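No experiment lies behind these values; they were computed from the predicted model shown. Both backbone and side-chain heavy atoms feed into the values below; hydrogens, waters and symmetry mates do not.
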Number of protein chains: 2
Amino acid sequence: MDKKLVPDIVVARLPLYLQTLNRLQQEGEYNTSSKDLGKRIDISAAQIRKDLSHFGEFGKQGTGYSISFLIEKLEDILHVNKVWGMALIGVGFLGHAIANFNGFQNHGFQIKCIFDNDLEKIGTNIGEYVIYDSRNLAEVIQKENIKIAMITVDAEHAQNVANQVVKAGVKAILNYAPVKLIVPKSVQVQNIDPIIELQHMTYYLD
Amino acid sequence: MDKKLVPDIVVARLPLYLQTLNRLQQEGEYNTSSKDLGKRIDISAAQIRKDLSHFGEFGKQGTGYSISFLIEKLEDILHVNKVWGMALIGVGFLGHAIANFNGFQNHGFQIKCIFDNDLEKIGTNIGEYVIYDSRNLAEVIQKENIKIAMITVDAEHAQNVANQVVKAGVKAILNYAPVKLIVPKSVQVQNIDPIIELQHMTYYLD
DNA sequence: TAGATTGTTAATCGATTAACAATC
DNA sequence: TAGATTGTTAATCGATTAACAATC
């Protein structure tokens, strides 16, 4: 079964479903329905059912979905029923914030190593981590078998860093630099860029 | 002319076009084409032309687009030909990083005030700013006529903060908390959530 | 049983692409 | 002029929604 059978736009919604289910569970709920879930995230009940139907039958007529069961299934589908080691490259203010972010735990992710090319920073501590020399990037990433990188370097250096991590075996990049990275098709990239989001919103402002 | 005539998915691409044009200009280019632009950001030339055609005719047959002219037009369309004052609420590591981010300048945005509810932080400096007491949120936002808020508080407090800023007149929220905010339809919200992006990518990893 | 909600089908709606006349 | 590229139309493609039989 080829993965491309599931549209990417559907895949993109699954983490949102998972997030919402986790929240419902925290609130002490045991069951939910496509209607209930949809109301929470402004998505039609039909779309939620259609999305889930790409992967199996997880609900029961009349009663809806078991939250814990659906969480389990979505974690399986998204491959976050394990912990992915991540590399963080670039220790500016943003890199610092991400290194200290404790929200990765319990959602399938863990920072394994942090890099910078600033001699002042290399060897110093950031939280529980030691900052490594960027020149050892490939070596460490390969040795630790890391598949995910978060890039928080300047726009000018981001493509160069991307090239390096890809060469070292990274298959997914979360890119915080405001550049479109060029990578092989086998490598996933998602961008986080506040300017893009802000400008999207100001269109609707006057 | 109702704005809803332009699909939101089209609007969402405009900031990306603008970013790319700015980069081209920095690289010393004066002209570009839908084909050239498209190749840079993996979007078809036809789509770029179609998107732009919602707003006017900005190119010339045979020669394409003047970069500076198209930048000007896109800035007009996105309303970033002015500087939007922004409020930042929540001074954890992430808020700290955003407060020190210098990428807002030149793209239409400027942080005007920063809030926290931690008595240890209130009154201290962060870069050029003084951290205000969250209890004065509404007052300051109204007085400074701020229309955009960036929320970097915990998931548990985000909705409460959103309610306050909306009440104070904010019309656009960049939400870094992993919650779906409930706001009036007249208020724009965009979310930035690394977990969501990472889980989207791990679907394709094995 | 009656009410609720699923998974799925078919219909609708919307977005993307291909093609081309116009023209720089 | 010949080549290139626009803006736009129509065709294609894909995503969302409405509806409903199945069934808990």
S.K.: Between C/dG7, D/dA18, C/dT5, spot the one nearest the side chain of A/Ser33, thanks.
M.R.: C/dT5
S.K.: Under the 3.5 angstrom rule, does the side chain of A/Asn163 hit a backbone N or O of A/Lys167 as a donor-acceptor pair?
M.R.: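 Judged by distance alone, no pair lies under 3.5 Å.
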S.K.: To the nearest Å, give me how far apart CG (A/Leu52) and C1' (C/dT8) are.
M.R.: 13 Å
S.K.: Round to the nearest Å and state the distance from B/Gln61 atom CD to C/dC24 atom C1'.
M.R.: 6 Å
S.K.: Show me the dot-bracket string of DNA chain D, counting Watson-Crick or G-U pairs under 3.5 Å, with | for pairs to another strand and [ ] for crossing ones.
M.R.: ..||||||||||||||||||||||
S.K.: Separation of A/Ile43 atom CD1 from D/dT17 atom C1', in whole Å?
M.R.: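 Rounded to whole Å, this separation is 14 Å.
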S.K.: Could you state the atom-to-atom distance from CZ of B/Phe55 to P of D/dT6 in whole Å?
M.R.: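 The distance from CZ of B/Phe55 to P of D/dT6 comes to 17 Å, rounded to the nearest Å.
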S.K.: Just by distance, do the side chain of A/Arg135 and the backbone of A/Asn117 share a donor-acceptor pair under 3.5 Å?
M.R.: no
S.K.: Which atom names give the shortest non-hydrogen contact between B/Phe115 and B/Val91, and what distance separates them?
M.R.: O-CG2, 3.7 Å
S.K.: Is it the case that the side chain of B/Gln47 and the backbone of B/Val10 share a donor-acceptor pair, with hydrogens and angles ignored and the cut-off at 3.5 Å?
M.R.: no
S.K.: Please name the pair of heavy atoms, one in A/Val153 and one in A/Gly90, separated by the smallest distance, quoted to 0.1 Å.
M.R.: CG1-CA, 3.7 Å
S.K.: Can you check the A/Glu57 CD to C/dT9 C1' distance for me, whole Å?
M.R.: 14 Å
S.K.: Decide yes or no on ring-ring contact (aromatic ring centres under 6.0 Å, His included) for A/Tyr65 and A/Phe58, but give the supporting numbers first.
M.R.: CA-CA 7 Å; A/Tyr65 303 90; A/Phe58 306 130; 7.8 Å; no
S.K.: Check A/Leu205 against B/Lys171 and note the closest heavy-atom contact, atom names and distance.
M.R.: CD1-O, 3.8 Å
S.K.: In whole Å, I'd like the distance from the CD1 atom of B/Ile48 to the P atom of D/dT6.
M.R.: 9 Å
S.K.: Once you round it to whole Å, what is the distance between P of C/dG7 and CG of A/Leu37?
M.R.: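 It is 12 Å, rounded to the nearest whole Å.
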S.K.: In whole Å, I'd like the distance from the NZ atom of A/Lys60 to the C1' atom of D/dT23.
M.R.: 12 Å
S.K.: List, with names and distances, any nitrogen or oxygen atoms from the protein found under 3.5 Å away from nitrogen or oxygen atoms belonging to nucleotides 10-16 of chain C.
M.R.:
{"residue": "C/dT16", "atom": "OP1", "partner": "B/Arg13", "partner atom": "NH1", "Å": "3.1"}
{"residue": "C/dT16", "atom": "OP1", "partner": "B/Gln47", "partner atom": "NE2", "Å": "3.4"}
{"residue": "C/dT16", "atom": "OP2", "partner": "B/Arg13", "partner atom": "NH2", "Å": "3.1"}
{"residue": "C/dT16", "atom": "OP2", "partner": "B/Gln47", "partner atom": "NE2", "Å": "3.1"}
{"residue": "C/dT16", "atom": "O5'", "partner": "B/Gln47", "partner atom": "NE2", "Å": "2.9"}

S.K.: Name the orientation class of the two ring planes belonging to A/Phe104 and A/Phe101 (parallel below 30°, tilted from 30 to 60°, perpendicular beyond 60°).
M.R.: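 Judged by the thresholds at 30° and 60°, the geometry between A/Phe104 and A/Phe101 is perpendicular.
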S.K.: Reckon A/Arg49 has a side-chain N or O less than 4.0 Å from the OP1 or OP2 of C/dG7?
M.R.: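 No.
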S.K.: Whether the side chain of A/Thr152 engages the backbone of A/Ile89 through a donor-acceptor N/O pair (distance < 3.5 Å, no angle test) should be reported.
M.R.: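 Checked: pair present.
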S.K.: Below 4.0 angstrom from OP1 or OP2 of C/dT6, is there any side-chain N or O of A/Ser34?
M.R.: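 Yes, within the criterion.
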S.K.: Whether B/Tyr65 contacts D/dA4 is assessed here as follows: a side-chain N or O lying under 4.0 Å from the phosphate OP1 or OP2. Is that the case?
M.R.: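 B/Tyr65 to D/dA4 OP1/OP2: no side-chain N or O under 4.0 Å.
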